[in-house]
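Since we're looking at a predicted model, the values are computed, not measured. Below, chain A is the first sequence line, B the second, and so on; all start at residue 1.
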2 protein chains.
Amino acid sequence: MRFPWQQKQIVPTETSHNLTEELTRQGYRMTPQRMMIVDAIEHTENHISAEDIFRQVVAKYPNVNVSTVYRTLELLEKLGLVTKTEMGVGHIVYHPLEKGHHHHLICRECGNVVDLDESVLAPLKESLQQNYQFTADLRHLGIMGLCAECKQKSQNKTANG
Amino acid sequence: MRFPWQQKQIVPTETSHNLTEELTRQGYRMTPQRMMIVDAIEHTENHISAEDIFRQVVAKYPNVNVSTVYRTLELLEKLGLVTKTEMGVGHIVYHPLEKGHHHHLICRECGNVVDLDESVLAPLKESLQQNYQFTADLRHLGIMGLCAECKQKSQNKTANG
DNA sequence: GTAAATATTGCGACTAATTCCAACTGCAAC
DNA sequence: GTTGCAGTTGGAATTAGTCGCAATATTTAC
């Protein structure tokens, strides 16, 4: 019998190479649980919640515990391998740093998320440094607001009603 | 016998006039619970957490329920009377809008909070509107980072160790 | 006054996330 | 092999916050 983590699909793939290698290189163990968690993170299009990771891992190995997922995410974040982003109050998602870190514009009406290039926040970071001697950590930012479409709609509503 | 909410100190004061008046003006009831909650919000120097509000209210009236605090805060926020700010992931605080809305620079080392004038974020808001047609809601923003002092310290540590 | 309608509250169940601790794993030293 | 130990895990308990619902309070209509 093969245990789930011994199956082909959860052996580290090309894309998971970075996270796995970095973990082992720094003296951490690549346990089956961590393999499955890393795999889930790296096979997501963009970002993924802790809950979703847990769901995926549990499907392969039902005994895994949520706290293991959170601990692994905490470790990966500490090592600078994944980014934690707050997408609106209370909704936290993760994504691997190798895919580049950017920000998110989240529409509070339709929930749509638009990625924002890091450079847009550079002037703000500069200004905070200059005027407040504060080194802002702007790697994980979710900015709430209204997209053009929803703003249009809400203006129509006000005008008509 | 007088119930706690009938005591002088929780009758709406000068500063709580706005919130109380606005609530009643819009057809909401000023219940003893709401009086105590509003009172806590308005007698704080700057901002206050839901938990702290609950602690204060419970001290006067032990039967009050947490959910009442959260519901009242939700209502006040909906009416635009208080602002909800995320001070670092997972730590949410509230403050009355009448005291002016500003932003916060939160040092992740020492935890110090520096208030930031709204105008500093105006260029960013402008740029998001221009380049992304996105109307950013930047009223409640807590920016994490390192203050000058802690940055100095961390650089020394790296240099010596 | 009472009755009906509505607003608000308390309670208990639930979720996401964290923390503590005892048990387990892998590895090096003997 | 087995001992010791740091790293890691599972499970149970805890925390902040949310939700549905029945009970209560207030307002309005009579």
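In this model, the phosphate group of C:dG10 is approached by a side-chain N or O of B:Tyr61 to a distance below 4.0 Å at OP1 or OP2.
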Strictly under 4.0 angstrom, non-hydrogen atoms only: write out the protein contact profile of nucleotides 22-28 of chain C, one letter per nucleotide from the 5' end, B, S or -.
---B---
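Every side-chain hydrogen bond (donor to acceptor under 3.5 Å, both in side chains) that B:Gln129 has, sequence neighbours left out, goes to B:Thr135. Not counting sequence neighbours, the partners of B:Ser49 by the side-chain hydrogen bond (donor to acceptor under 3.5 Å, both in side chains) test are B:Asp52. Listed by chain and residue number, A:Ser127 satisfy the side chain to side chain contact (heavy atoms under 4.5 Å, CB included) test with A:Asn131 (two or more places apart in sequence, or in another chain). With sequence neighbours excluded, the residues that form a side chain to side chain contact (heavy atoms under 4.5 Å, CB included) with A:Glu149 are A:Cys147, A:Lys153. A:Tyr132 pairs by the side chain to side chain contact (heavy atoms under 4.5 Å, CB included) definition with A:Leu128, A:Phe134, B:Leu105, B:Val114, B:Leu116, B:Asp117, B:Val120, not counting sequence neighbours. Residues that satisfy the side chain to side chain contact (heavy atoms under 4.5 Å, CB included) test with B:Ser67, not counting sequence neighbours, are B:Asn65, B:Arg71. Here B:Glu74 pairs with nothing under the salt bridge (charged side-chain N to carboxylate O under 4.0 Å, His left out) rule; sequence neighbours left out. When the side-chain hydrogen bond (donor to acceptor under 3.5 Å, both in side chains) test is applied to B:His47, no partner is found at least two apart in sequence or on another chain.
Of the N and O atoms on the side chains of A:Asp115 and A:His104, at least one donor lies less than 3.5 Å from an acceptor on the other residue.
Screening residues 24-38 of chain A for salt bridge (charged side-chain N to carboxylate O under 4.0 Å, His left out), with sequence neighbours left out, gives A:Glu22-A:Arg25.
Straight-line distance from the CG atom of B:Asn65 to the P atom of C:dC14: 17 Å, rounded to whole Å. We find that CE of B:Met30 is positioned 11 Å from P of C:dT8, with the value rounded to whole Å. Distance B:Tyr28 OH to C:dT6 C1': 13 Å, rounded to the nearest Å.
Both A:Tyr70 and A:Ile48 sit in one connected hydrophobic cluster of ILVMFWY residues. Membership requires side-chain heavy atoms under 4.5 Å apart, directly or through other members.
Here the side chain of B:Arg34 is nearest to one of C:dG10, C:dT8, C:dA16, namely C:dT8.
Residues of residues 66-74 of chain A that place a heavy atom closer than 4.0 Å to DNA chain D, in numerical order, are A:Ser67, A:Thr68, A:Arg71.
For DNA chain D, the contact window with chain B, defined by any atom under 4.0 Å from a protein heavy atom, covers D:dA16 to D:dT26 in 5' to 3' order.
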